[in-house]
Protein chains: 2
Amino acid sequence: MGELKLQMNMDEYLPLRDVVFNTLRQGILTGELEPGERLMEIHLADRLGVSRTPIREAIRMLELEGLVTMIPRKGAEVSRISRQDIRDVLEVRLALDSLATKLACKRITDDQKEELKRAAEEFVEATVSGDATVIAQADVKFHDVILAASHNKRLIQMVNNLAERIYRYRLEYIKDRANHARLIEEHAKIMNCVIKGDEGSACIAAEIHIVNQENNMLSQIEE
Amino acid sequence: MGELKLQMNMDEYLPLRDVVFNTLRQGILTGELEPGERLMEIHLADRLGVSRTPIREAIRMLELEGLVTMIPRKGAEVSRISRQDIRDVLEVRLALDSLATKLACKRITDDQKEELKRAAEEFVEATVSGDATVIAQADVKFHDVILAASHNKRLIQMVNNLAERIYRYRLEYIKDRANHARLIEEHAKIMNCVIKGDEGSACIAAEIHIVNQENNMLSQIEE
DNA sequence: ACCTTTATTATTGTATACAATACTTGAAAA
DNA sequence: TTTTCAAGTATTGTATACAATAATAAAGGT
């Protein structure tokens, strides 16, 4: 038992910088750490029970992810996201999600087709449950399957990075029951096109899906 | 005079981590640091005359840029780039460059149109000079103008990041005199379409331009 | 009362010290 | 001769110490 736990620790081993990175990242994405909030090293170090070194390294990583902004000799702060930033992200995401869908049509494996069907079903079930977190997870899962089916690692990484930035706004959209029927329909449409390998229709379906999300997010922002 | 120098130093101030980051980045891009080469902290620190701290932070940044790969408790090495990686990058780059061109058609300013004309001319002049570095710079400049004309910061950042990865292969392509005539022609075509605001034709021209580069790079890789 | 200047403090930037782990070399035994 | 074990070494991971700078507060002069 102790042996097993030790083994588990070995598998779970993460440098503290990565633990800190994940923690801060999560905090920023959930909004616990607000845009503009200063990230002071000693303060964070004390709170997380580590030294400044891993904190600093995590901040360097968050900086390159774009989640924090450095001000020289002043320190890091949670990046302020402007409406224009969101528009920029959505514009790129539309192109990349469309690409992912196109590639998925060509390259999806039989296993992934099954996985996609399952993901679509689970999304429907999730909407019934009504739990926002579950719904959001199911939606992410569905898109992840398509993304994975593109078999392009770089693309997967880039889309995930973009999705991260608009996570909170997407969540609002997905939570709203008024959108569920449409989401289910759009998922079904995309799924069928991808499984059939109909690139043209799949791209169009995916683009409609994204554009609908976009419009909602942009109107959220204009509040 | 001393005053002025002090002022300059203030402007030029960069944390050591950024100096190290740029140095290592340049080394990797030029091939001075070869793929698979280990990056040992003390060794680098001694060579660059700094302590391990800025070295480590620079490595964290390079890691997120994808230029180095971490092996837990083993350290960093220059990322090995597989043929598949290049294919993945090119696939995404095609989509993003096409998007950039499309957006440039809509948003390019009059100043940028002039700049684009100048960049195209300077590329022609550069090919006459025959200096590989000058040609490469002129080509980068041309594409940078179009990219800037997209007025999408995120897109600019992502394309630059992708371009970074294939820099060396692109250099080979651009250096080859046999390609110059075609490059000049393609640039002219793209430029005219963008200035006219003809999105459809501009995208097609840009895609042809990229595909030609792609084919060359991919055949380079298969050596 | 207000501005300026100076002292203090808080915070980042950098270097070093210590701890833990993985690799290497050499010797001893099979 | 080969294999295994162990000691030593090299290297990363983490913590702390020191230096430089910027923000703040207090004191003094006008």
Side-chain angles (χ1 to χ4, degrees), chain A residues 2-3 5-25 27-28 33-34 36-64 67-80, chain B residues 2-3 5-25 27-28 33-34 36-64 67-80:
Chain A
E3 192 81 350
K5 187 148 185 299
L6 187 67
Q7 186 59 41
M8 277 178 45
N9 284 343
M10 297 297 285
D11 288 357
E12 285 173 7
Y13 170 79
L14 268 184
L16 286 182
R17 60 168 175 270
D18 291 322
V19 176
V20 173
F21 173 75
N22 289 328
T23 306
L24 293 180
R25 186 166 167 279
I28 293 171
L33 296 168
E34 291 174 18
E37 187 170 340
R38 277 187 76 182
L39 297 177
M40 280 177 299
E41 296 167 6
I42 299 174
H43 183 244
L44 289 173
D46 288 348
R47 239 185 86 184
L48 300 179
V50 299
S51 77
R52 281 176 62 207
T53 308
I55 301 280
R56 285 180 65 83
E57 296 189 0
I59 287 177
R60 293 290 91 74
M61 298 194 282
L62 291 165
E63 185 188 356
L64 249 75
L67 293 179
V68 312
T69 303
M70 286 304 299
I71 301 169
R73 288 206 172 100
K74 178 99 190 298
E77 64 172 43
V78 179
S79 293
R80 299 165 196 275
Chain B
E3 192 80 347
K5 189 152 183 296
L6 187 67
Q7 186 57 41
M8 278 178 48
N9 285 341
M10 298 296 283
D11 289 357
E12 286 173 7
Y13 171 80
L14 266 185
L16 286 181
R17 60 168 175 271
D18 290 323
V19 176
V20 173
F21 174 74
N22 289 328
T23 305
L24 294 180
R25 186 165 166 279
I28 293 171
L33 296 168
E34 291 173 19
E37 187 169 340
R38 278 187 75 183
L39 296 176
M40 281 177 297
E41 296 167 6
I42 299 174
H43 183 242
L44 290 173
D46 288 348
R47 238 186 86 185
L48 300 179
V50 299
S51 78
R52 279 176 62 209
T53 307
I55 300 281
R56 286 179 65 82
E57 296 189 2
I59 287 176
R60 293 291 90 73
M61 298 194 281
L62 292 165
E63 185 188 358
L64 249 77
L67 293 179
V68 314
T69 304
M70 287 302 300
I71 302 168
R73 288 204 173 101
K74 179 101 189 297
E77 64 172 45
V78 179
S79 293
R80 299 166 195 274

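Just so it is clear: chains get the letters A, B, ... in the order the sequence lines come, proteins before strands, and each one is counted from 1.
- One finds a salt bridge joining E77(B) and R80(B) here, because a Lys/Arg side-chain nitrogen approaches an Asp/Glu carboxylate oxygen to under 4.0 Å.
- The L16(A) side chain lies nearest to dA15(D) when the options are dT21(C), dA15(D), dA17(D).
- For the pair R17(A) and dG13(D), the criterion of a side-chain N or O lying under 4.0 Å from OP1 or OP2 is met.
- Along DNA chain C, the nucleotide closest to R38(A) and the one closest to R56(A) are compared, and the more 5′ of them pairs with R38(A).
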Note, DNA chain C 5' to 3' with Watson-Crick or G-U pairs under 3.5 Å encoded as ( ), [ ], | and . gives ||||||||||||||||||||||||||||||
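- Ion pairing between a basic and an acidic side chain is recognised when a charged N comes within 4.0 Å of a carboxylate O; R60(A) and E57(A) show no such pairing.
- Residue M40(A) contributes atom CE, which lies 17 Å from atom P of dA22(D) at whole-angstrom precision.
- With N22(B) contributing its side chain and D18(B) its backbone, the two residues share a donor-acceptor pair below 3.5 Å.
- Rounding to whole angstrom units, CZ of residue R73(B) and C1' of dT14(D) are separated by 11 Å.
- Qualifying side chain to side chain contact (heavy atoms under 4.5 Å, CB included) partners for L16(B), counting only residues two or more places apart in sequence or in other chains: V50(B), P54(B).
- If you check dA23(D), dA15(C), dT14(D) against the side chain of K74(A), the one that comes closest is dA23(D).
- Residues of residues 41-50 of chain B having a heavy atom closer than 4.0 Å to DNA chain C, listed by number: V50(B).
- The phosphate of dA15(C) (OP1 or OP2) has a side-chain N or O of S51(B) nearer than 4.0 angstrom.
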